Amino acid sequence: MKYRTLGRTGIKVSPYCLGAMMFGAIGNPDHDDSVRIIHKALDSGINFVDTADAYSRGESEEIVGKALKGGRRDDVVLATKAHLPMGDDPNQRGNSRRWLTRALEDSLRRLGTDHVDLFQVHRPDPDTDVEETLSALTDLVRAGKVRHIGTSTFPASDIVEAQWVSERRGLARFRTEQPPYSILNRGIEREVLPVCERYGMGALVWSPLAGGMLTGRYRKGVTADTHRAGFGFTHMRDERRLDVVEQLIPVARDAGMSLTHLATAFAIAHPAVTSAIIGPRTMGHLDDLLAGAETTLDDETLDRIDAIVPPGTDIGRLDTAYDPPAVRVARLRRRLPDERSAA
(Lines give C-alpha, C1' and ligand atoms only; values in the text may rest on other atoms or scores of the structure.)
Protein backbone atom coordinates (compact mmCIF):
# COMPACT_ATOMS: atom_id res chain seq x y z
CA MET A 1 0.00 0.00 0.00
CA LYS A 2 1.18 3.52 -0.80
CA TYR A 3 -0.06 5.51 2.17
CA ARG A 4 -1.60 8.95 1.88
CA THR A 5 -1.84 11.85 4.33
CA LEU A 6 -5.30 12.31 5.84
CA GLY A 7 -5.93 15.94 4.95
CA ARG A 8 -3.41 18.02 6.89
CA THR A 9 -3.52 15.92 10.05
CA GLY A 10 -0.19 14.28 9.30
CA ILE A 11 -1.78 10.84 9.77
CA LYS A 12 -0.84 8.32 7.08
CA VAL A 13 -3.66 6.08 5.89
CA SER A 14 -4.15 3.46 3.20
CA PRO A 15 -6.00 4.37 -0.05
CA TYR A 16 -8.54 1.71 0.90
CA CYS A 17 -10.36 2.19 4.17
CA LEU A 18 -12.06 -0.91 5.56
CA GLY A 19 -15.72 -0.06 6.09
CA ALA A 20 -17.37 -2.16 8.79
CA MET A 21 -21.03 -1.57 7.96
CA MET A 22 -21.50 -5.13 6.71
CA PHE A 23 -20.19 -6.73 9.89
CA GLY A 24 -23.16 -7.65 12.09
CA ALA A 25 -26.83 -8.43 11.66
CA ILE A 26 -27.40 -6.44 8.46
CA GLY A 27 -24.51 -8.13 6.70
CA ASN A 28 -22.32 -10.88 8.10
CA PRO A 29 -23.67 -12.00 11.50
CA ASP A 30 -20.78 -14.43 12.06
CA HIS A 31 -18.45 -12.55 14.42
CA ASP A 32 -15.53 -14.92 14.02
CA ASP A 33 -15.70 -14.74 10.22
CA SER A 34 -15.96 -10.95 10.33
CA VAL A 35 -12.91 -10.78 12.61
CA ARG A 36 -10.98 -12.93 10.14
CA ILE A 37 -11.92 -10.55 7.32
CA ILE A 38 -10.72 -7.58 9.36
CA HIS A 39 -7.44 -9.34 10.18
CA LYS A 40 -6.91 -10.20 6.50
CA ALA A 41 -7.42 -6.56 5.56
CA LEU A 42 -4.95 -5.37 8.20
CA ASP A 43 -2.40 -8.02 7.23
CA SER A 44 -2.70 -6.83 3.62
CA GLY A 45 -1.66 -3.28 4.51
CA ILE A 46 -4.97 -1.55 5.18
CA ASN A 47 -4.50 0.53 8.35
CA PHE A 48 -7.75 2.53 8.28
CA VAL A 49 -11.04 1.16 9.68
CA ASP A 50 -14.34 3.04 9.63
CA THR A 51 -17.49 2.05 11.50
CA ALA A 52 -20.48 3.72 13.18
CA ASP A 53 -22.69 3.21 16.20
CA ALA A 54 -25.75 2.73 13.99
CA TYR A 55 -24.29 -0.19 12.04
CA SER A 56 -26.34 -3.12 13.34
CA ARG A 57 -27.07 -1.05 16.46
CA GLY A 58 -23.52 -1.21 17.80
CA GLU A 59 -22.75 -4.78 16.75
CA SER A 60 -20.31 -3.63 14.08
CA GLU A 61 -18.32 -1.69 16.67
CA GLU A 62 -18.27 -4.72 18.96
CA ILE A 63 -16.87 -6.89 16.14
CA VAL A 64 -14.21 -4.30 15.31
CA GLY A 65 -13.32 -4.15 19.00
CA LYS A 66 -12.85 -7.92 19.07
CA ALA A 67 -10.65 -7.78 15.98
CA LEU A 68 -8.36 -5.13 17.46
CA LYS A 69 -7.65 -6.98 20.69
CA GLY A 70 -4.22 -8.45 21.26
CA GLY A 71 -2.13 -5.42 20.35
CA ARG A 72 -3.64 -4.49 16.97
CA ARG A 73 -5.31 -1.28 18.12
CA ASP A 74 -2.17 0.86 18.07
CA ASP A 75 -1.50 0.06 14.41
CA VAL A 76 -4.96 1.09 13.22
CA VAL A 77 -6.40 4.51 12.42
CA LEU A 78 -9.84 3.95 13.92
CA ALA A 79 -12.87 5.99 12.89
CA THR A 80 -16.48 5.86 14.01
CA LYS A 81 -19.58 8.02 13.64
CA ALA A 82 -22.64 9.16 15.56
CA HIS A 83 -25.92 10.90 14.67
CA LEU A 84 -28.33 8.23 13.42
CA PRO A 85 -31.03 6.95 15.83
CA MET A 86 -29.88 4.46 18.45
CA GLY A 87 -33.25 4.02 20.15
CA ASP A 88 -36.81 5.31 20.31
CA ASP A 89 -35.86 8.17 22.62
CA PRO A 90 -35.77 11.35 20.46
CA ASN A 91 -32.59 12.41 22.28
CA GLN A 92 -30.72 9.25 21.26
CA ARG A 93 -29.74 10.76 17.93
CA GLY A 94 -28.56 13.97 16.32
CA ASN A 95 -25.58 16.24 16.87
CA SER A 96 -26.33 17.74 20.28
CA ARG A 97 -23.73 17.87 23.03
CA ARG A 98 -25.98 15.67 25.13
CA TRP A 99 -26.08 12.89 22.56
CA LEU A 100 -22.59 13.05 21.05
CA THR A 101 -20.98 12.81 24.48
CA ARG A 102 -22.99 9.74 25.38
CA ALA A 103 -22.68 8.21 21.92
CA LEU A 104 -18.89 8.43 22.04
CA GLU A 105 -18.73 6.80 25.47
CA ASP A 106 -20.91 3.95 24.19
CA SER A 107 -18.74 3.56 21.10
CA LEU A 108 -15.51 3.49 23.10
CA ARG A 109 -16.95 0.77 25.32
CA ARG A 110 -18.01 -1.36 22.35
CA LEU A 111 -14.70 -0.80 20.56
CA GLY A 112 -12.71 -1.64 23.67
CA THR A 113 -10.50 1.44 23.45
CA ASP A 114 -10.00 4.72 25.29
CA HIS A 115 -9.97 6.88 22.17
CA VAL A 116 -10.80 7.00 18.48
CA ASP A 117 -8.59 8.64 15.90
CA LEU A 118 -11.53 10.12 14.00
CA PHE A 119 -15.01 10.86 15.35
CA GLN A 120 -17.50 11.90 12.68
CA VAL A 121 -21.00 13.31 12.73
CA HIS A 122 -22.88 10.95 10.45
CA ARG A 123 -25.22 13.54 8.91
CA PRO A 124 -26.05 17.24 9.34
CA ASP A 125 -28.52 18.12 12.08
CA PRO A 126 -30.63 21.19 11.20
CA ASP A 127 -32.05 21.22 14.75
CA THR A 128 -28.65 21.78 16.36
CA ASP A 129 -26.47 24.87 16.03
CA VAL A 130 -23.17 23.79 14.48
CA GLU A 131 -21.37 25.79 17.18
CA GLU A 132 -23.01 23.56 19.81
CA THR A 133 -21.76 20.49 17.96
CA LEU A 134 -18.24 21.83 17.48
CA SER A 135 -18.01 22.95 21.09
CA ALA A 136 -18.91 19.46 22.31
CA LEU A 137 -16.49 17.81 19.91
CA THR A 138 -13.72 20.20 20.94
CA ASP A 139 -14.17 19.16 24.56
CA LEU A 140 -13.94 15.50 23.55
CA VAL A 141 -10.69 16.22 21.70
CA ARG A 142 -9.26 18.09 24.70
CA ALA A 143 -10.27 15.20 26.96
CA GLY A 144 -8.10 12.88 24.83
CA LYS A 145 -11.01 10.68 23.77
CA VAL A 146 -10.92 11.87 20.16
CA ARG A 147 -7.91 12.78 18.05
CA HIS A 148 -9.67 14.44 15.12
CA ILE A 149 -13.24 15.22 14.07
CA GLY A 150 -15.02 14.94 10.74
CA THR A 151 -18.33 15.00 8.90
CA SER A 152 -20.21 12.61 6.67
CA THR A 153 -22.41 13.53 3.70
CA PHE A 154 -22.40 17.27 4.44
CA PRO A 155 -23.30 19.77 1.70
CA ALA A 156 -20.45 22.09 0.74
CA SER A 157 -22.21 25.08 2.30
CA ASP A 158 -22.44 23.31 5.68
CA ILE A 159 -18.75 22.37 5.51
CA VAL A 160 -17.77 25.99 4.86
CA GLU A 161 -20.03 27.31 7.63
CA ALA A 162 -18.48 24.89 10.12
CA GLN A 163 -14.97 25.96 9.13
CA TRP A 164 -15.91 29.61 9.68
CA VAL A 165 -17.45 28.87 13.08
CA SER A 166 -14.35 26.98 14.16
CA GLU A 167 -12.12 29.88 13.17
CA ARG A 168 -14.29 32.56 14.81
CA ARG A 169 -14.82 30.65 18.05
CA GLY A 170 -11.44 29.00 18.38
CA LEU A 171 -12.92 25.50 18.20
CA ALA A 172 -11.57 22.27 16.76
CA ARG A 173 -12.34 22.10 13.07
CA PHE A 174 -13.58 19.28 10.93
CA ARG A 175 -10.57 17.60 9.34
CA THR A 176 -12.38 15.13 7.10
CA GLU A 177 -15.55 14.68 5.08
CA GLN A 178 -17.08 11.33 4.12
CA PRO A 179 -19.23 11.78 1.00
CA PRO A 180 -20.69 9.25 -1.47
CA TYR A 181 -18.61 8.97 -4.63
CA SER A 182 -18.52 6.61 -7.57
CA ILE A 183 -18.57 6.65 -11.34
CA LEU A 184 -22.38 6.85 -11.12
CA ASN A 185 -22.41 9.60 -8.48
CA ARG A 186 -19.91 12.33 -9.30
CA GLY A 187 -21.85 15.32 -8.01
CA ILE A 188 -19.35 16.03 -5.23
CA GLU A 189 -16.74 16.93 -7.86
CA ARG A 190 -18.49 20.28 -8.31
CA GLU A 191 -18.27 21.71 -4.80
CA VAL A 192 -17.63 19.22 -1.99
CA LEU A 193 -14.25 17.95 -3.16
CA PRO A 194 -12.94 21.43 -4.09
CA VAL A 195 -14.03 22.68 -0.66
CA CYS A 196 -12.20 19.77 1.00
CA GLU A 197 -9.05 20.72 -0.90
CA ARG A 198 -9.44 24.38 0.02
CA TYR A 199 -9.63 23.63 3.73
CA GLY A 200 -7.12 20.80 3.77
CA MET A 201 -9.70 18.16 4.64
CA GLY A 202 -9.27 14.49 3.89
CA ALA A 203 -12.06 12.90 1.85
CA LEU A 204 -13.07 9.32 2.69
CA VAL A 205 -15.54 8.40 -0.01
CA TRP A 206 -18.23 5.81 0.57
CA SER A 207 -20.01 3.52 -1.87
CA PRO A 208 -17.31 3.54 -4.60
CA LEU A 209 -19.13 0.51 -6.06
CA ALA A 210 -22.41 2.48 -6.17
CA GLY A 211 -24.10 0.23 -3.65
CA GLY A 212 -23.00 -2.87 -5.54
CA MET A 213 -24.08 -1.78 -9.02
CA LEU A 214 -20.46 -1.52 -10.19
CA THR A 215 -19.63 -5.11 -9.32
CA GLY A 216 -21.09 -6.43 -12.56
CA ARG A 217 -23.66 -8.52 -10.72
CA TYR A 218 -26.46 -6.13 -11.60
CA ARG A 219 -27.21 -6.07 -15.32
CA LYS A 220 -29.99 -4.69 -17.41
CA GLY A 221 -32.80 -7.20 -17.75
CA VAL A 222 -31.25 -9.56 -15.20
CA THR A 223 -32.71 -10.17 -11.77
CA ALA A 224 -29.85 -10.31 -9.28
CA ASP A 225 -30.42 -12.67 -6.38
CA THR A 226 -27.84 -11.08 -4.07
CA HIS A 227 -27.70 -9.93 -0.47
CA ARG A 228 -27.92 -6.26 -1.42
CA ALA A 229 -31.17 -6.78 -3.32
CA GLY A 230 -32.82 -7.59 -0.01
CA PHE A 231 -32.42 -4.02 1.20
CA GLY A 232 -35.03 -2.86 -1.28
CA PHE A 233 -33.06 0.16 -2.52
CA THR A 234 -34.82 1.75 -5.48
CA HIS A 235 -31.52 2.94 -6.96
CA MET A 236 -30.67 -0.71 -7.66
CA ARG A 237 -33.54 -0.81 -10.16
CA ASP A 238 -32.93 2.59 -11.75
CA GLU A 239 -32.87 1.98 -15.51
CA ARG A 240 -30.65 5.01 -16.11
CA ARG A 241 -27.99 3.60 -13.80
CA LEU A 242 -28.29 0.13 -15.33
CA ASP A 243 -27.83 1.63 -18.81
CA VAL A 244 -24.58 3.27 -17.69
CA VAL A 245 -23.35 0.02 -16.16
CA GLU A 246 -23.79 -1.65 -19.56
CA GLN A 247 -21.67 1.10 -21.13
CA LEU A 248 -18.94 0.77 -18.49
CA ILE A 249 -18.51 -2.99 -18.83
CA PRO A 250 -16.69 -2.76 -22.21
CA VAL A 251 -14.52 0.08 -20.82
CA ALA A 252 -13.32 -2.21 -18.05
CA ARG A 253 -12.87 -5.10 -20.49
CA ASP A 254 -10.79 -2.99 -22.89
CA ALA A 255 -8.64 -1.81 -19.97
CA GLY A 256 -8.02 -5.42 -18.99
CA MET A 257 -9.69 -5.29 -15.60
CA SER A 258 -12.94 -6.15 -13.84
CA LEU A 259 -15.68 -3.59 -13.40
CA THR A 260 -15.07 -3.70 -9.63
CA HIS A 261 -11.41 -2.79 -10.08
CA LEU A 262 -12.29 -0.05 -12.57
CA ALA A 263 -14.71 1.46 -10.07
CA THR A 264 -12.40 1.41 -7.04
CA ALA A 265 -9.44 2.71 -9.05
CA PHE A 266 -11.61 5.55 -10.32
CA ALA A 267 -12.61 6.56 -6.79
CA ILE A 268 -9.06 6.95 -5.54
CA ALA A 269 -7.79 8.65 -8.73
CA HIS A 270 -9.25 12.04 -7.81
CA PRO A 271 -6.57 14.20 -6.16
CA ALA A 272 -8.95 15.31 -3.39
CA VAL A 273 -9.81 11.74 -2.35
CA THR A 274 -7.70 10.29 0.45
CA SER A 275 -9.32 6.86 0.79
CA ALA A 276 -12.18 4.89 -0.69
CA ILE A 277 -14.23 2.94 1.85
CA ILE A 278 -14.62 -0.68 0.85
CA GLY A 279 -17.30 -2.69 2.64
CA PRO A 280 -16.78 -6.44 2.10
CA ARG A 281 -19.32 -8.82 3.60
CA THR A 282 -17.38 -12.00 2.82
CA MET A 283 -13.75 -13.01 2.51
CA GLY A 284 -14.32 -13.46 -1.21
CA HIS A 285 -15.44 -9.85 -1.52
CA LEU A 286 -12.31 -8.67 0.29
CA ASP A 287 -9.99 -10.87 -1.79
CA ASP A 288 -11.46 -9.44 -4.99
CA LEU A 289 -11.03 -5.86 -3.81
CA LEU A 290 -7.48 -6.46 -2.60
CA ALA A 291 -6.59 -8.01 -5.96
CA GLY A 292 -7.25 -4.62 -7.54
CA ALA A 293 -5.34 -2.55 -4.99
CA GLU A 294 -2.54 -1.70 -7.43
CA THR A 295 -4.86 -0.96 -10.35
CA THR A 296 -4.48 2.48 -11.92
CA LEU A 297 -6.42 4.07 -14.76
CA ASP A 298 -4.72 5.76 -17.71
CA ASP A 299 -5.99 8.99 -19.24
CA GLU A 300 -7.67 7.19 -22.13
CA THR A 301 -9.77 5.10 -19.73
CA LEU A 302 -10.63 8.12 -17.59
CA ASP A 303 -11.63 10.05 -20.73
CA ARG A 304 -13.97 7.22 -21.73
CA ILE A 305 -15.56 7.28 -18.29
CA ASP A 306 -15.98 11.07 -18.55
CA ALA A 307 -17.73 10.64 -21.89
CA ILE A 308 -20.23 8.22 -20.33
CA VAL A 309 -20.75 10.07 -17.04
CA PRO A 310 -19.71 13.73 -17.34
CA PRO A 311 -17.66 15.09 -14.41
CA GLY A 312 -19.74 16.58 -11.62
CA THR A 313 -22.94 14.74 -12.51
CA ASP A 314 -25.02 12.05 -10.82
CA ILE A 315 -26.84 9.27 -12.65
CA GLY A 316 -29.97 9.02 -10.55
CA ARG A 317 -29.43 9.22 -6.81
CA LEU A 318 -28.66 6.94 -3.92
CA ASP A 319 -31.55 6.18 -1.58
CA THR A 320 -29.11 6.86 1.27
CA ALA A 321 -28.18 10.33 -0.02
CA TYR A 322 -28.79 13.31 2.28
CA ASP A 323 -31.64 15.68 1.43
CA PRO A 324 -31.52 19.01 3.31
CA PRO A 325 -34.75 20.36 4.79
CA ALA A 326 -35.02 22.91 1.98
CA VAL A 327 -35.60 20.01 -0.42
CA ARG A 328 -37.30 17.51 1.88
CA VAL A 329 -39.89 19.77 3.56
CA ALA A 330 -42.57 21.05 1.19
CA ARG A 331 -43.42 24.18 3.18
CA LEU A 332 -39.83 25.40 2.84
CA ARG A 333 -40.01 25.42 -0.97
CA ARG A 334 -43.58 26.66 -1.44
CA ARG A 335 -45.02 30.06 -0.74
CA LEU A 336 -48.24 30.21 1.23
CA PRO A 337 -51.31 29.97 -1.05
CA ASP A 338 -52.16 33.66 -0.69
CA GLU A 339 -48.57 34.63 -1.62
CA ARG A 340 -48.29 32.65 -4.83
CA SER A 341 -49.98 35.07 -7.16
CA ALA A 342 -47.77 37.54 -9.02
CA ALA A 343 -50.57 40.12 -8.96
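As the structure is a prediction and not an experimental result, all values here were calculated from the model.
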CA sep, side-chain torsions, deciding dist, call: V121, I149, side-chain contact (heavy atoms from CB on, under 4.5 Å) = CA-CA 8 Å; V121 284; I149 59 174; over 6 Å; no

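- The side chain to side chain donor-acceptor pair (under 3.5 Å) analysis of residues 320-338, with sequence neighbours excluded, yields the pairs R317-D323.
- A donor-acceptor pair under 3.5 Å is formed between the side chain of T264 and the backbone N or O of T260.
- Between K81 and the choices D50, D53, T51, the side-chain hydrogen bond (donor to acceptor under 3.5 Å, both in side chains) rule is met once, by D50.
- Summarising the geometry, atom NE2 belonging to H83 is positioned 9.0 Å from atom CZ belonging to R93; distances are rounded to the nearest 0.5 Å.
- Looking only at distances, no side-chain donor or acceptor of N95 sits under 3.5 Å from a matching main-chain atom of D127.
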Verdict with supporting geometry, L68 and L42, side-chain contact (heavy atoms from CB on, under 4.5 Å) = CA-CA 10 Å; L68 298 185; L42 300 182; 4.0 Å; yes

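- Side chain of H39 to backbone of A67: a donor-acceptor contact under 3.5 angstrom is found.
- With S34 contributing its side chain and D30 its backbone, the two residues share a donor-acceptor pair below 3.5 Å.
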Step-by-step side-chain contact (heavy atoms from CB on, under 4.5 Å) determination, L6 to R175 = CA-CA 8 Å; L6 183 60; R175 294 289 187 170; over 6 Å; no

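- Between S152 and E177, the shortest heavy-atom contact is N-OE1, 3.5 Å.
- P310 and T313 get closest at one heavy-atom pair: O-OG1, 2.6 Å.
- Looking only at distances, a side-chain donor or acceptor of N28 sits under 3.5 Å from a matching main-chain atom of R281.
- Using modelled atom types, no side-chain atom of S60 and backbone atom of G24 make a donor-acceptor pair closer than 3.5 Å.
- Using a 4.5 Å cut-off on side-chain heavy atoms (C-beta onward), P271 and L193 make no contact.
- You'll find the side chain of V116 stays beyond 4.5 Å of the side chain of S107, heavy atoms only.
- Proximity of V76 to V64: side-chain heavy atoms (C-beta onward) are nowhere separated by under 4.5 Å.
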task = Please report the C-alpha distance between L184 and L214 in whole Å, then the side-chain angles of each, then the deciding distance to 0.1 Å, and finally whether the side-chain contact (heavy atoms from CB on, under 4.5 Å) criterion is met.
result = CA-CA 9 Å; L184 300 184; L214 295 177; 4.2 Å; yes

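- Salt bridge present: D106 and R109 bring a charged side-chain N and a carboxylate O closer than 4.0 Å.
- Rounding to the nearest 0.5 Å gives a distance of 9.5 Å between OG1 of T176 and CD1 of I11.
- The CE atom of M213 sits 10.0 Å away from atom CG of L318, with the distance rounded to the nearest 0.5 Å.
- For the pair R186 and D306, the salt-bridge criterion is met [side-chain N within less than 4.0 Å of a carboxylate O].
- Under the side-chain hydrogen bond (donor to acceptor under 3.5 Å, both in side chains) criterion, N47 pairs with S14, not counting sequence neighbours.
- In this structure, CG on D303 lies 8.5 Å from CG on D298, to the nearest 0.5 angstrom.
- Residues L297 and M257 form a side-chain contact, since some pair of their non-hydrogen atoms from C-beta on lies under 4.5 Å apart.
- For Y55, the ring pair (Phe, Tyr, Trp, His ring centres under 6.0 Å) test picks out H122, with sequence neighbours left out.
- Side chain of S275 to main chain of Y16: no donor-acceptor pair is present (N/O by atom type, distance under 3.5 Å, no hydrogens or angles).
- Linking Ile, Leu, Val, Met, Phe, Trp and Tyr residues whenever their side-chain heavy atoms come within less than 4.5 Å places Y199 and F119 in a single cluster.
- Here the closest non-hydrogen pair linking G316 and D238 is CA-OD2, 3.7 Å.
- Residue D125 comes nearest to S96 through the heavy atom pair OD2-N, 4.3 Å, listed as atom of the first residue, atom of the second, then distance.
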key: Criterion salt bridge (charged side-chain N to carboxylate O under 4.0 Å, His left out) on D243 and R240, from CA distance to verdict   = CA-CA 5 Å; D243 285 339; R240 296 167 296 174; over 6 Å; no

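- Side-chain contact between L259 and L209: absent, with no pair of heavy atoms (C-beta onward) separated by less than 4.5 Å.
- For the residue pair T133/T128, the side-chain donor-acceptor check at 3.5 Å is not satisfied.
- A distance of 8.5 Å separates CG in L118 from OG1 in T9, rounded to the nearest 0.5 Å.
- No option in L104, L171, L100 other than L100 meets the side chain to side chain contact (heavy atoms under 4.5 Å, CB included) test with L137.
- At a threshold of 4.5 Å between side-chain heavy atoms, the hydrophobic network of Ile, Leu, Val, Met, Phe, Trp and Tyr places V13 and L111 in two separate groups.
- The number of heavy-atom neighbours closer than 6.0 Å to CD of Q163, taken from other residues, nucleotides and ligands shown, is above 12.
- Neither side chain, R4 nor T274, offers a donor N or O lying under 3.5 Å from an acceptor on the other.
- The two residues S44 and L290 make their nearest non-hydrogen contact at OG-CD1, 3.4 Å.
- Residue pairs meeting the ring-ring contact (aromatic ring centres under 6.0 Å, His included) criterion with at least one partner in residues 247-280, sequence neighbours excluded, are Y181-F266.
- The OG1 atom of T301 sits 6.5 Å away from the CD1 atom of I305 when rounded to the nearest 0.5 Å.
- Sorted by first then second residue, the side chain to side chain donor-acceptor pair (under 3.5 Å) pairs that include residues 65-80, not counting sequence neighbours, are H31-K66, D43-R72, E61-T80, R73-T113, R73-H115, R73-D117.
- The hydrophobic clustering, which links ILVMFWY residues whose side-chain heavy atoms are closer than 4.5 Å, places V77 and W206 together.
- Of the possible donor and acceptor atoms, one in the side chain of D314 sits under 3.5 Å from a partner among the backbone N and O of G187.
- Contact annotation: the side chain of T151 never approaches that of Q178 to less than 4.5 Å [non-hydrogen atoms, C-beta and beyond].
- A donor-acceptor pair is defined here as one N or O able to donate and one able to accept, closer than 3.5 Å; such a pair exists between the side chain of T138 and the backbone of A172.
- No chain of hydrophobic side-chain contacts below 4.5 Å, direct or via other Ile, Leu, Val, Met, Phe, Trp or Tyr residues, connects I277 to M201.
- Y3 and K12 make their closest contact through CB-CB, 4.1 Å (heavy atoms, listed as atom of the first residue, atom of the second, distance).
- A salt bridge links K145 with E105: the distance from a Lys NZ or Arg NE/NH1/NH2 to an Asp or Glu carboxylate oxygen falls below 4.0 Å.
- A donor-acceptor pair under 3.5 Å links the side-chain atoms of E59 to the main chain of A25, judged by distance alone.
- At a threshold of 4.5 Å between non-hydrogen side-chain atoms, the residues P155 and P124 count as touching.
- Follow the hydrophobic side-chain contacts under 4.5 Å out from L204 and you never reach V192; the two are in separate clusters.
- Taking E300 as the reference, nothing meets the side-chain hydrogen bond (donor to acceptor under 3.5 Å, both in side chains) condition, with sequence neighbours excluded.
- Side chains of V35 and F23 form no contact here, defined as non-hydrogen atoms less than 4.5 Å apart.
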